[in-house]
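One structure is given below, encoded as structure tokens.
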Amino acid sequence: MAEELSIPYRYEATAQAGALVAQYSGLAEGESSGVKASVAGRVMLLRVQGKVAFAELRDETGSIQLFARANDLDSFDAFCSLSLGDWIGAKGEVAKTRRGELSVFVESFVLLAKARRGFGDKWHGINDVDTRHRQRYADLWANPEVRTALRTRFRIVSIMRRALESRGFIEVETPMLQPISGGALARPFVTHHNALDMDLFLRIAPELYLKRLVVGGFEKVFEIGRVFRNEGISPRHNPEFTMLELYQAYADYGDIMELTESLVNEIVTELFGASKVVYQGRTLNFAPPWRRATLEELTSETMGVEVSIDLGRDRLAEVGKQVGIEDDPSWGPGKLMLEIYEKTTEASLWDPVFVMDFPTEVSPLSRDHRSKPGHVERFEAVVAGRELANAFSELNDPDVQRERFAHQVEVGRAGDEEAMSMDEDYLRALEYGLPPTGGLGIGIDRLVMLLTDNSQIREIIAFPTMRPEQERD
RNA sequence: GCCCUCCUGGCGCAAUUGGUUAGCGCAACGGACUUUUAAUCCGUGGGUUCUGGGUUCGAGUCCCAGGGGGGGCACCA
């Protein structure tokens, strides 16, 4: 109780560890700066040696040693009985010890919070992946690289916001609870509104609402936010993840390609000072212009023979069989083509490439290609073998959109749980007129993985989805 | 959802072909030490080996079921 009462409600540090180290690392061994500083942070190590004691204090910016002597510090005994993990504030002169370690020579200190649990082995930290993800608060301290990666994540989002705003986009918010789940092909989470006594879906994409805003007169909008998909968890999938979606009136997918490569390159350059980054031991070059090639060209390249939807369904089914795709009678040639591309080609693409002109069949919200029947003006930006972005010239003809929805409804009746539903309100919006519009979606988590050299999505999500722990005591 | 694999004190790890009271380091607790760097030295306590069954004279080790984790497949971003 006494201890609890003695813990202050605030503490004013005059310096942070990182800044002190940067400023005074030039001191000679045994030399004092003559400056007093107060620092606050967590005790990471403690070495008591009779009438002197050394502690490593870590704050958000780094670590600095605390040096305490019984002669100079009245509460020396209390200092020695600190636990690893305790938060303290300490004040004293900044100087180097005889051994040349920059330290705060503690004249007074105050306990800010007691750590009643330890942060694992002081050398190995916490290794158990289960514990690390369930107790992220401890993981973040025990394994500083985790905090570094998350900080990079938050910074990427921040840079992205600024970059978009500087291009005249405004950030908007649209419903997460939606009566109709649309804008992507995925299974939604379902929840219930009691007062309205109706089911609502957690959004799988903000797309259809953002385009409604364009109908309403917002010409350049973006939203960075969480979407939810009721699918399996894997090293690359979390049920909730963060997407950027943006829409630009009067633009087509060509404009969006230019925007995408410049936007991503701007983020990379601001983070690393260059357009090249190393991912999983290989260099990735984000410098524009990125390669542009059609889905069919790229697939033909890897197959060594011409592959396109012009081959017709039967020929494509044969090609699919050759590469190990088992045919599904509900698929048309477009879906087969996409399957073949994904199976044979996508993973082999390394440096950023715009994979263009998808089959209409698999792109219910994209506008028909201006010159290639059966195709839409859609691209995916593929980096390191994975889709990073998905974009298209938006379909703005309400009649065509209605047909596409109708086809989706059919597919859904046939058992595809990811099919879209008819969205009459969205069609009504289109009937008011959606100007030619280019749209883009970027998976922020995937981008962060690339830029933090992580192959595991869990590592760059602060609190990844997990099964609850079993109830204990 | 399917397949493979892992689960030992707070943390990191051990335990020979199943064989005596399950070891070690860190942390904790007590003691020594006035310039340490994972400080060192002496001492102490702490585990129903994920849970529940089973095989066996004997199970941390083998078998079955369940729980949780990880990887792969499927699905997707």
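Keep in mind that this is a model prediction, so the values were computed, not measured. Here is how names work: the chains are called A, B, and so on, in the same order as the sequence lines, proteins then strands, and each is numbered from 1.
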C1' gap between B:rU49 and B:rG18, integer Å
15 Å
The side chain of A:W123 lies closest to which of these nucleotides: B:rU34, B:rA74, B:rA38?
B:rA38
Under 4.0 Å: is that the gap between some side-chain N or O of A:R229 and OP1 or OP2 of B:rA77?
yes
Is the phosphate of B:rG69, meaning OP1 or OP2, less than 4.0 Å from a side-chain N or O of A:R132?
no
Could you please name the option among B:rC75, B:rA39, B:rG72 that lies closest to any side-chain atom of A:E418?
B:rC75
Heavy-atom neighbours of A:K91 NZ exceed 12 at 6.0 Å
no
Summarise how protein sits on nucleotides 6-13 of chain B as a single string, 5' to 3': B when a protein heavy atom is under 4.0 Å from the base, S for sugar-phosphate-only contact, - for no contact.
-----BSS
Please state the C1' separation for the pair B:rG46 and B:rC29 - nearest whole angstrom.
11 Å
For A:I233 and A:T97, find the nucleotide of RNA chain B closest to each by heavy atoms; which residue's nucleotide sits nearer the 5' end?
A:T97
Check A:T97 against A:S103 and note the closest heavy-atom contact, atom names and distance.
CG2-OG, 3.4 Å
Does the structure show a Watson-Crick or G-U wobble partner for B:rC13, both distances under 3.5 Å? Name it, or say none.
B:rG23
Measuring centre to centre across the rings, with the benzene-like ring taken for any Trp, is A:W290 within less than 6.0 Å of A:W350?
no
Check whether any side-chain heavy atom of A:F222 sits under 4.5 Å from a side-chain heavy atom of A:L210, and report yes or no.
no
Quote, to the nearest angstrom, the P distance that separates B:rC26 from B:rU44.
15 Å
Does the side chain of A:N238 reach to within under 4.5 Å of the side chain of A:E240, using non-hydrogen atoms?
yes
Nearest-nucleotide pick for A:R98, side chain only, options being B:rG70, B:rG68, B:rU35:
B:rU35
A quick test of your reading: do over 12 heavy atoms of other residues, nucleotides or ligands sit less than 6.0 Å from CZ of A:R367?
no
Determine the Euclidean distance between corresponding P atoms of B:rC11 and B:rC57; express it in Å to zero decimal places.
37 Å
Would you jot down, in residue-number order, the residues of residues 328-357 of chain A having a non-hydrogen atom under 4.0 Å from RNA chain B?
none
What's the gap between B:rA15 and B:rC42 when it is taken at their P atoms, as a whole Å value?
26 Å
Give none if B:rA28 has no partner; otherwise give the nucleotide forming a Watson-Crick or G-U wobble pair with it, both distances under 3.5 Å.
B:rU44
For a quick check of understanding: with a heavy-atom distance under 4.0 Å over all strands, which category does A:L45 fall into, base, sugar-phosphate or nothing?
sugar-phosphate
Counting side-chain heavy atoms from C-beta on, which of B:rG70, B:rU34, B:rA27 comes nearest to A:N71?
B:rU34
Is the phosphate of B:rG70, meaning OP1 or OP2, less than 4.0 Å from a side-chain N or O of A:R458?
yes
Should A:V264 and A:E261 count as side-chain neighbours, where that means a heavy-atom distance under 4.5 Å?
no
Over 12 foreign heavy atoms within 6.0 Å of CG, A:D74
no
Closer than 4.0 Å, any side-chain N/O of A:Q65 to the OP1 or OP2 of B:rU35?
no
Ring-ring centroid check A:F189 A:F201, cutoff 6.0 Å:
no
Write down the distance separating the C1' atoms in B:rC7 and B:rG43, rounded off to the nearest Å.
33 Å
Can A:D128 and A:R132 be counted as an ion pair, charged N to O under 4.0 angstrom?
no
Using ring centroids (six-membered ring only for Trp), state whether A:Y253 and A:F392 fall under 6.0 Å.
no
Heavy atoms only, 4.0 Å cut-off, all strands: where does A:Q456 land among base, sugar-phosphate and nothing?
sugar-phosphate
Under a 4.0 Å heavy-atom cutoff, the residues of residues 46-59 of chain A touching RNA chain B are A:R47, A:V48, A:Q49, A:G50, A:K51, A:V52, A:F54
Taking B:rC75 as the reference, what is the distance to B:rC64 when you measure between their P atoms (whole Å, please)?
30 Å
Select one nucleotide: of B:rG69, B:rU35, B:rG70, the one nearest the side-chain heavy atoms of A:R69.
B:rU35
